[in-house]
Amino acid sequence: MGLQPEKQQTILKAAFAEFAEHGYKNASTNRIVEAAGIGKGMLFYYFNSKQELFEFLADYGMTFISEHYLPQLSGDGGAGFIETLQKASRIKMEAYLKYPHLFNFFSALMSESNIKHLPDQLRRRVEDLQSLGTRRLVSNVDMSMFREDIPPEAAMQYAQWLIDGYLKKITDTFSGTNYAQDAVLAMWDDYDVFLEHVKAMLYVKKKG
């Protein structure tokens, strides 16, 4: 896009938000140009169609996540799975608070009604990106912390479901708002308490 960086980001933010909120089928280029404060001719000077814009957003977003988010994810040798998710979720939440439009777009993209509009090559990249993130998380993780009466794979899934649900509540709370530093710190304090409860359910109880 041959635009000033600030104007480019304004357009991308409006487009990410539109597709995230309305999905591919109901996304409106009229709403995008209105939110971005540009003429429709400018949008279609750079993108021939809504489909082309959608594919550009997916490619742009995956490149951004690959370069700026995934490199921060890695399993700490000897750390438990829940501790690893705790680290990853903090990284993700800090990135979300900085780029909510992008992460909301990818959350919506994963629904079948949206991802089916991507060509096979881009769809495979999305799947590969997910797999890479998972592999980074579980590398060198200590599975012996889980209770012996729950299979490790099941325990990991339960922990993931619980934490994803809690993080969804957080993102819903902060979506579309200005975040006071005190509110963010309080959020993390509550999150740490929540994780202690998850550990109490899924980890071996410490003796003494």
Side-chain angles (χ1 to χ4, degrees), residues 1 3-38 40 42-73 85 88-134 136-137 160 163-179 184 187:
M1 295 175 68
L3 292 168
Q4 292 295 325
E6 184 176 347
K7 176 57 72 174
Q8 177 180 338
Q9 289 304 312
T10 299
I11 296 171
L12 290 177
K13 182 177 180 179
F16 275 126
E18 178 66 19
F19 282 105
E21 182 175 355
H22 299 283
Y24 177 86
K25 183 177 179 181
N26 296 315
S28 166
T29 54
N30 288 330
R31 285 193 294 261
I32 292 173
V33 298
E34 182 178 358
I38 62 172
K40 199 166 187 177
M42 176 180 285
L43 183 67
F44 284 105
Y45 176 79
Y46 293 103
F47 304 102
N48 293 320
S49 64
K50 184 171 79 170
Q51 175 68 34
E52 187 174 307
L53 173 59
F54 185 65
E55 293 178 16
F56 176 87
L57 294 175
D59 178 75
Y60 179 96
M62 282 188 283
T63 299
F64 179 90
I65 289 173
S66 296
E67 294 178 354
H68 299 282
Y69 172 61
L70 284 186
Q72 301 180 64
L73 297 183
L85 284 185
S89 58
R90 281 182 178 269
I91 293 170
K92 182 177 180 179
M93 186 56 60
E94 288 169 2
Y96 172 83
L97 292 175
K98 193 172 183 180
Y99 306 103
H101 51 284
L102 190 152
F103 282 88
N104 285 337
F105 171 83
F106 268 91
S107 179
L109 180 64
M110 299 318 299
S111 72
E112 181 60 30
S113 62
N114 288 323
I115 201 169
K116 71 179 182 181
H117 292 285
L118 289 180
D120 290 343
Q121 181 181 5
L122 281 178
R123 198 182 308 185
R124 284 194 295 270
R125 279 187 62 195
V126 172
E127 294 168 352
D128 290 344
L129 200 63
Q130 283 187 303
S131 298
L132 177 59
T134 301
R136 282 179 177 271
L137 280 180
Q160 186 78 64
I163 292 172
D164 285 350
Y166 195 90
L167 292 178
K168 177 65 166 57
K169 176 185 175 182
I170 292 175
T171 56
D172 287 347
T173 299
F174 284 89
S175 179
T177 65
N178 293 319
Y179 328 109
V184 174
M187 170 193 76

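Source: prediction; values computed, not measured.
Minimum heavy-atom separation, P119 to Q51: CD-NE2, 4.4 Å. Nearest approach of K40 to N30, heavy atoms of both residues: NZ-OD1, 2.7 Å.
Remark: L57 CG to L109 CG distance equals 10.0 Å, nearest 0.5 Å. Taking CD1 of I65 as the reference point, atom CG of L102 lies at 5.5 Å (rounded to 0.5 Å).
Annotation: cation-pi geometry satisfied between K50 and Y24 (NZ/CZ under 6.0 angstrom from ring centroid, within 45° of ring axis).
Residue pairs meeting the side-chain hydrogen bond (donor to acceptor under 3.5 Å, both in side chains) criterion with at least one member in residues 105-124, sequence neighbours excluded: S111-S113, S111-N114.
Side-chain contact between V126 and M110 is present, with at least one heavy-atom pair separated by less than 4.5 Å.
D164 meets the side chain to side chain contact (heavy atoms under 4.5 Å, CB included) test with Q160; sequence neighbours excluded.
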Subject >> F56 vs Y46, ring-ring contact (aromatic ring centres under 6.0 Å, His included): CA-CA, chis, key distance, verdict >> reply: CA-CA 10 Å; F56 176 87; Y46 293 103; 9.6 Å; no

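The aromatic rings of F16 and Y60 are tilted relative to each other, their planes meeting at an angle between 30° and 60°. Between F64 and H68, the ring planes lie tilted relative to each other; the angle falls in the 30° to 60° range. Ring geometry, F19 versus F54: the interplanar angle falls from 30° to 60°, so the pair is classed tilted.
Within 6.0 Å of the CD atom in E34, the count of heavy atoms belonging to other residues, nucleotides or ligands does not exceed 12. Around atom NZ of K169, no more than 12 heavy atoms belonging to other residues, nucleotides or ligands sit under 6.0 Å away.
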